[in-house]
Protein chains: 2
Amino acid sequence: MTNIQDIARLAGVSTATVSRVINKRGYVSALTKQKVLEIIKKLDYVPNANAISLKKGKTRQIGIITTLFSPIIIQFVRTFSLIAEKNRFNITLFITNGDPAKEILALEMLRGKQLDGIACLIRSNTWEVIESYTRYGPIVTWQRLQNEHLPSVFMDQFHAYQVGLEHLYAKGYRKILSVYPMSQGLNTKERIRAYSEFAQRYHLITDIFPHFEDKMLVQDGEELATWWLSQKYRPDAIFCANDEVAAGLMTSLKRLGFSIPGDVGILGFDNTEVAHLLDLTTINYPIDQQAENAFFILQNKLNNTSHLLNTLTYKLVERKST
Amino acid sequence: MTNIQDIARLAGVSTATVSRVINKRGYVSALTKQKVLEIIKKLDYVPNANAISLKKGKTRQIGIITTLFSPIIIQFVRTFSLIAEKNRFNITLFITNGDPAKEILALEMLRGKQLDGIACLIRSNTWEVIESYTRYGPIVTWQRLQNEHLPSVFMDQFHAYQVGLEHLYAKGYRKILSVYPMSQGLNTKERIRAYSEFAQRYHLITDIFPHFEDKMLVQDGEELATWWLSQKYRPDAIFCANDEVAAGLMTSLKRLGFSIPGDVGILGFDNTEVAHLLDLTTINYPIDQQAENAFFILQNKLNNTSHLLNTLTYKLVERKST
DNA sequence: TTGTAAGCGTTATCAA
DNA sequence: TTGATAACGCTTACAA
């Protein structure tokens with residue numbers, strides 16, 4: 001309602017002076033400053049953010065794109081928001097549900113100058129489409145990618161997966177089934193590579209079990225239990241795509257009267273809360289640091305600075321499922 | 001970069017005509033229209049959203065405020081976002097972590113015209129503070145409140161709690177401990193009222209156990225298990241504040257070798273995924289419909305319409321913990 | 001059917 | 001130390 005001109009008129013000064021007072025920029029005499037602040041307070045005035053954004057060409061608004069709300073995504077978003085707010089950026093969250101059109105909506109906001117940058121955690125469109133939007137503002141991704149326009153806070157899962165496999169081997173497991181997440185993702189590729197290398201090194205036979213991919217939900221774990229039950233020759237350990245799959249698998253098998261790790265060892269991935277709850281052995285993945293890095297990358301591009309990134313580390317969290 | 005004037009110049013028309021083409025408003029000849037669209041496409045032009053917001057005084061942006069990201073909040077946010085996006089509104093999520101200053105930040109965005117409205121799920125400031133912002137735009141809440149300026153999608157938990165208690169009674173429990181969420185909330189008050197009424201009706205003694213409030217996390221449930229263990233005279237059933245508390249309690253007791261519901265019955269609240277996972281009996285709370293109602297209320301105020309609200313219902317979901 | 005021009009509420013340059 | 005004023009990019013009477 002009330003704008004900078006009202007303030008100027010009532011304070012008997014120009015809008016330029018009011019602007020100076022508000023932004024603490026340039027010279028203003030103590031007296032006029034006090035007078036202006038008084039009027040501002042009296043009229044309950046706030047600058048119109050849209051006018052500022054229009055004038056400055058910046059909104060201090062960052063978008064986060066994700067297909068869904070898994071525990072690990074939640075943690076990423078929480079940490080990212082925290083650090084962003086600390087730097088006076090606001091977050092707009094886009095849950096696409098896997099709908100490419102919804103993702104485009106978010107990308108179009110970058111194009112329409114409503115967003116200064118975007119963190120694309122899990123994409124719905126092809127990388128080509130997403131990359132084509134980098135000309136409108138910085139975009140950072142979570143999934144791994146080799147692309148000079150699309151920086152990524154991806155962490156090499158090859159090594160992390162090796163750690164998990166070594167743990168299973170040390171525990172005496174020899175018939176290990178490996179269950180993978182998104183079939184298209186490079187994470188899955190790296191995990192498969194780690195598994196092959198591992199199997200070769202220890203002379204393990206790998207092709208006795210079917211290949212499971214795209215298993216990411218509790219329900220997938222429950223279905224896995226049914227599969228396990230139906231086999232004559234069963235794996236003695238299952239390395240799950242994430243903690244949710246491991247949780248579904250473990251609770252289902254326990255319901256059927258099996259003991260974990262007595263009858264089969266179960267290893268999760270990510271170390272989310274459900275792993276703690278169910279005493280699942282898992283791999284800790286430094287989400288918080290990745291989230292911070294994602295923000296730093298965006299911020300560096302926006303301000304042309306070069307804030308140093310966190311060095312990422314992971315480790316095995318041994319509990320009672322292996 | 002490129003703006004409406006560039007388009008106008010290159011198409012040999014005025015900005016008004018270009019605007020008409022973009023917004024499909026008013027008369028434009030087929031020929032000029034085609035010409036304009038061609039140039040728009042060639043220059044990869046998009047209208048600047050900030051300029052539009054400034055001009056129109058609206059942003060089609062709605063904020064959601066919450067202190068944290070519990071499973072039930074996630075579900076609310078997901079549904080709210082879905083219906084909002086369907087109506088061409090975008091969502092800005094604010095996770096305050098209980099910090100009043102962060103909440104103010106969001107409220108100030110309403111004041112600064114960056115937000116058209118706000119859904120405040122779990123507040124951090126006093127209701128007085130939040131109410132004082134209703135003069136800048138519509139605010140809807142989730143927690144219960146009697147306030148003409150702050151509509152709420154709250155659902156009376158008195159009845160729902162009665163349903164839970166009746167279930168426990170029917171199952172033969174007589175020494176029921178009731179554990180409550182936020183001590184300040186009206187939800188807690190209603191639950192306490194339901195419990196008193198229930199105890200009186202069945203002539204149960206209520207003051208043998210301490211009064212537990214502010215129990216909302218898995219960890220709270222774990223601590224509850226420790227308490228339960230240390231008692232000589234133990235409750236035979238525990239009605240938990242929500243599914244997370246119930247989950248923490250149940251898994252802790254099971255780890256200690258107790259059987260559920262053999263040694264103690266456990267009842268959750270909300271029917272979130274963890275309840276399904278752990279076979280917890282719980283109360284289904286129609287979050288999706290509440291989320292939709294929250295949006296409808298905001299939309300009605302914004303457009304001066306009167307979209308009908310969902311009628312809310314709840315029910316007991318019996319599983320294996322009682 | 002199209003164009004002119006006055007806003008919307010700021011910021012920032014240049015004078016004074 | 002302060003003020004005029006030209007942008008920023010769009011919408012929308014009102015004219016033509």
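Residue numbers start from 1 in every chain, and the chains themselves are labelled A, B, ... in the order their sequence lines are given, proteins ahead of strands. All figures in this text were calculated on a predicted structure; none of them were measured in a lab.
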Sugar-phosphate, base or nothing in reach of B/R25, heavy atoms under 4.0 Å: sugar-phosphate

D/dG3 OP1/OP2 closer than 4.0 Å to side-chain N/O of A/T17: yes

B/S14, nearest nucleotide to its side chain (from D/dT11, C/dG9, C/dG3): C/dG3

Any donor-acceptor N/O pair, A/R60 side chain to A/N87 backbone, under 3.5 Å: yes

Side chain of A/A16 - closest among C/dA12, D/dT2, C/dT10: C/dA12

Euclidean distance, atom CZ of residue B/R20 to atom P of C/dT4 [Å, nearest integer]: 11 Å

Atom-pair distance (CD on A/Q34; C1' on D/dT1), nearest Å: 17 Å

Between C1' of C/dG7 and CD1 of B/I4, the distance in whole Å: 15 Å

Between B/Q61 and B/T92: side-chain donor-acceptor atoms closer than 3.5 Å: yes

Sugar-phosphate only, base, or nothing, as touched by A/S29 at under 4.0 Å among non-hydrogen atoms: sugar-phosphate

Sugar-phosphate only, base, or nothing, as touched by A/G12 at under 4.0 Å among non-hydrogen atoms: sugar-phosphate

A/S19 side-chain N/O to C/dT10 phosphate OP1/OP2 under 4.0 Å: no

Sugar-phosphate, base or nothing in reach of B/T32, heavy atoms under 4.0 Å: sugar-phosphate

A/N310 backbone acceptor or donor facing A/Q289 side chain under 3.5 Å: no

B/N293 side, atom CG; B/T79 side, atom OG1 - distance, nearest 0.5 Å: 11.5 Å

Sugar-phosphate only, base, or nothing, as touched by A/V46 at under 4.0 Å among non-hydrogen atoms: sugar-phosphate

Gap between atoms NZ and P, on A/K56 and C/dG9 respectively (whole Å): 18 Å

Sugar-phosphate, base or nothing in reach of B/I52, heavy atoms under 4.0 Å: sugar-phosphate

Nucleotide C/dT10, atom P - distance to CG of B/N48 in whole Å: 17 Å

Sugar-phosphate, base or nothing in reach of A/N50, heavy atoms under 4.0 Å: nothing

Pair A/N300-A/S306, side-chain donor/acceptor within less than 3.5 Å: no

Those residues that, when tested against B/Y136, pass ring-ring contact (aromatic ring centres under 6.0 Å, His included) (two or more places apart): B/Y133

5′-ward residue of the pair A/T15/A/A30 relative to DNA chain D: A/A30

Separation of C/dG9 P from A/R9 CZ (nearest whole Å): 12 Å

Pair of N/O donor and acceptor under 3.5 Å linking C/dA12 base with A/K55 side chain: no

Distance, rounded to the nearest Å, where A/Y27 contributes OH and D/dG3 contributes P: 17 Å

Interatomic distance where CG belongs to B/L31 and P belongs to C/dT2 [whole Å]: 8 Å

